[in-house]
2 protein chains.
Amino acid sequence: MDEFRETELKKRISESTIRRLSLYHRALEIVEDNGSETVSSKELAKIEKLTPAQVRKDLSFFGSFGTRGLGYPVKDLKAKIARILGIDRVWNIALVGVGNIGSALVSYKEFARQGFKIVKLFDNDQRKIGSNHKGIVVSDIKNIVSELSGSEIEMVVICVPGSVAQFVVDDIVKAGLRAILNFAPVNLKVPDDVFVRNENMAMELEYLSYALVNNHSKNRVK
Amino acid sequence: MDEFRETELKKRISESTIRRLSLYHRALEIVEDNGSETVSSKELAKIEKLTPAQVRKDLSFFGSFGTRGLGYPVKDLKAKIARILGIDRVWNIALVGVGNIGSALVSYKEFARQGFKIVKLFDNDQRKIGSNHKGIVVSDIKNIVSELSGSEIEMVVICVPGSVAQFVVDDIVKAGLRAILNFAPVNLKVPDDVFVRNENMAMELEYLSYALVNNHSKNRVK
DNA sequence: TCATCTATGTGAAAGCCTTCACAAAATAGG
DNA sequence: CCTATTTTGTGAAGGCTTTCACATAGATGA
């Protein structure tokens, strides 16, 4: 692992490579369920609709995990990718905004399955504060800075309306947290050492809309 | 518009450009609310944390919308982008899988606001079939092919477990639909003329996990 | 009307990412 | 043990995207 850390300091690894690591991890779960001991870059590529060269190149940034002529050891590679991604542990997460989307995410099994554990909820609505969602009592957002500061929570999911998202983020930053998953449709301003990922579901539909309207078929003659 | 269609046939426009068009559209709403008549590429870039050159280059693929020395006419540019994206109309959408996420999306205001109208729900769970969500009665997924074929519905949102997503997609394709927003954590196999966008929320948390573990700060000395 | 200023539109350059193609390493089979 | 086969790991090439930098065109003000 330390070898990797050092590599990372020398060469910045692209966002796309990291995102594909998640895909490889997922593909390896499938292969593992099939009972295979090893898997080739070709097979992994097929599962996620990528190219074998891409798979090999991506993995090569982090080390040599395969055996020539044979492929990659499934269990081992999966563990190594989990280690690189930092998902070989549990992450405690707070969620702000217990509306439609927010409360759906509290019960979202895929988060739990990957070790992302929502352990605290915040809202500003008096009717919601004190109510119980899957065993978690909703806290008043007024106390967010003190309740997050120095807590075991390291990530926050934001499901509040766009108009208040920036205020919430300012508090999260004040509390010293550095990772935010944002469902509000606004560009959040944060210091350079804070990471934000945006989940913009309407934008994906807009892309589909564009594709349909422009008949943007993949196998169209150019 | 036809000028644009023709341009499009000559030069394929990148996915990133289209995604940024959505951002520009959103930024223009903000500028419009502020009461400005015109806006510069610099201002648009600031709102979405991009560069002015990027904004101008992206827009230039579709035409010359600005006035030198002045900027872009807000209302007009917003309408033109909406036209390009195909969001100057209502899209009727079916949603399959009325679980946590699915039912949250039925009430998701951002979809409605952008003209994405969920008009039909499907599920395979007998307890859910026939139940009412925001005025829509859940249909039996068995009838999905016949109910979608030739209907006014052109997009489908999939919120079913990964293990059944491919079967659902096969039916959607059979019904002749060509646009799918997929929340299941699997890579769906579709013909080349069908568009799929994947919404993988756990993957975004994995990216944050990676960033934190590798202290991947943006202003770090290389 | 003219000079100054502002901001677009866009070729060209730079940078980044993906794909190619092949040497190297290990397996498998006889 | 040796040959044929498989599949990795990786420089180099190719292709795509972003950024640069400036000519151009219109606005603004005296």
Side-chain angles (χ1 to χ4, degrees), chain A residues 3-4 7-8 10-24 27-28 31 36-74 76-77 80-81 84 207 216 218 222, chain B residues 3-4 7-8 10-24 27-28 31 36-74 76-77 80-81 84 207 216 218 222:
Chain A
E3 326 75 276
F4 155 61
T7 309
E8 217 293 299
K10 275 174 224 139
K11 202 186 287 182
R12 197 201 127 93
I13 282 146
S14 79
E15 179 176 322
S16 345
T17 293
I18 302 306
R19 293 179 60 89
R20 282 191 299 266
L21 283 190
S22 288
L23 297 182
Y24 303 148
L28 285 161
V31 174
S36 310
E37 296 274 301
T38 57
V39 65
S40 66
S41 56
K42 198 174 161 189
E43 293 170 90
L44 286 177
K46 177 141 191 244
I47 294 172
E48 296 295 351
K49 220 180 183 195
L50 301 163
T51 65
Q54 177 104 79
V55 174
R56 295 200 300 275
K57 178 65 94 178
D58 283 337
L59 294 177
S60 79
F61 293 132
F62 302 96
S64 292
F65 305 128
T67 306
R68 291 171 194 224
L70 191 63
Y72 299 93
V74 175
D76 194 50
L77 181 60
K80 271 175 174 138
I81 292 178
I84 293 167
Y207 192 94
H216 192 272
K218 276 169 267 175
K222 271 174 211 157
Chain B
E3 325 76 276
F4 155 61
T7 308
E8 217 292 300
K10 274 174 225 139
K11 202 187 288 181
R12 199 202 125 94
I13 282 147
S14 79
E15 177 174 324
S16 344
T17 292
I18 301 306
R19 293 179 60 88
R20 283 191 300 266
L21 282 190
S22 288
L23 297 181
Y24 303 149
L28 286 162
V31 174
S36 310
E37 296 273 300
T38 57
V39 66
S40 65
S41 58
K42 197 173 161 189
E43 293 170 90
L44 285 178
K46 179 147 190 236
I47 293 173
E48 297 295 351
K49 220 177 182 198
L50 301 163
T51 64
Q54 178 105 77
V55 174
R56 295 200 300 276
K57 179 64 96 180
D58 283 338
L59 295 177
S60 80
F61 292 131
F62 302 96
S64 292
F65 305 128
T67 305
R68 290 171 194 222
L70 191 62
Y72 300 93
V74 175
D76 194 49
L77 180 60
K80 270 172 174 140
I81 292 177
I84 293 166
Y207 192 95
H216 192 272
K218 277 169 267 176
K222 270 171 213 157

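Each chain gets a letter, A, B and so on, in the order the sequences are listed, and its residues count up from 1. Just the heavy atoms: all of them, side chains too, but no hydrogens, waters or symmetry mates, feed the values below.
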Quiz item: Is the shortest heavy-atom distance from the side chain of B/Asp58 to the side chain of B/Gln54 under 4.5 Å?
Solution: yes
Quiz item: So do the side chains of A/Phe62 and A/Ile13 get within less than 4.5 Å of each other, counting heavy atoms only?
Solution: yes
Quiz item: Does the side chain of B/Glu43 come within less than 4.5 Å of B/Val31's, by heavy atoms?
Solution: no
Quiz item: So does A/Thr51 get a side-chain nitrogen or oxygen closer than 4.0 Å to the phosphate oxygens (OP1/OP2) of C/dT19?
Solution: yes
Self-check item: Contact letters for nucleotides 4-13 of chain D, in which S counts primed atoms plus P, OP1 and OP2 and B counts the base, heavy atoms under 4.0 Å
Solution: --BBBBBBB-
Practice problem: Grab the CG-P distance between A/Leu50 and C/dC20 for me, whole Å please. | Solution: 14 Å
Quiz item: A/Arg12 CZ to C/dG15 P: how many Å, rounded?
Solution: 16 Å
Quiz prompt | Spacing between B/Asp76 atom CG and C/dT8 atom P, to the nearest angstrom | solution = 15 Å
Quiz item: Roughly, in whole Å, what's the span from CD in A/Glu15 to C1' in C/dG15?
Solution: 16 Å
Quiz item: Roughly, in whole Å, what's the span from CD1 in A/Ile18 to P in C/dC17?
Solution: 11 Å
Quiz item: Taking side chain as C-beta onward, heavy atoms only, is A/Tyr24 less than 4.5 Å from A/Leu50?
Solution: yes
Quiz item: Under 4.5 Å between any side-chain heavy atoms of A/Tyr72 and A/Leu59, yes or no?
Solution: yes
Quiz prompt | Distance below 4.0 Å between B/Gln54 side-chain N/O and D/dT19 OP1 or OP2 | solution = yes
Quiz item: Do other residues, nucleotides or ligands put more than 12 heavy atoms under 6.0 Å from A/Glu37 CD?
Solution: no
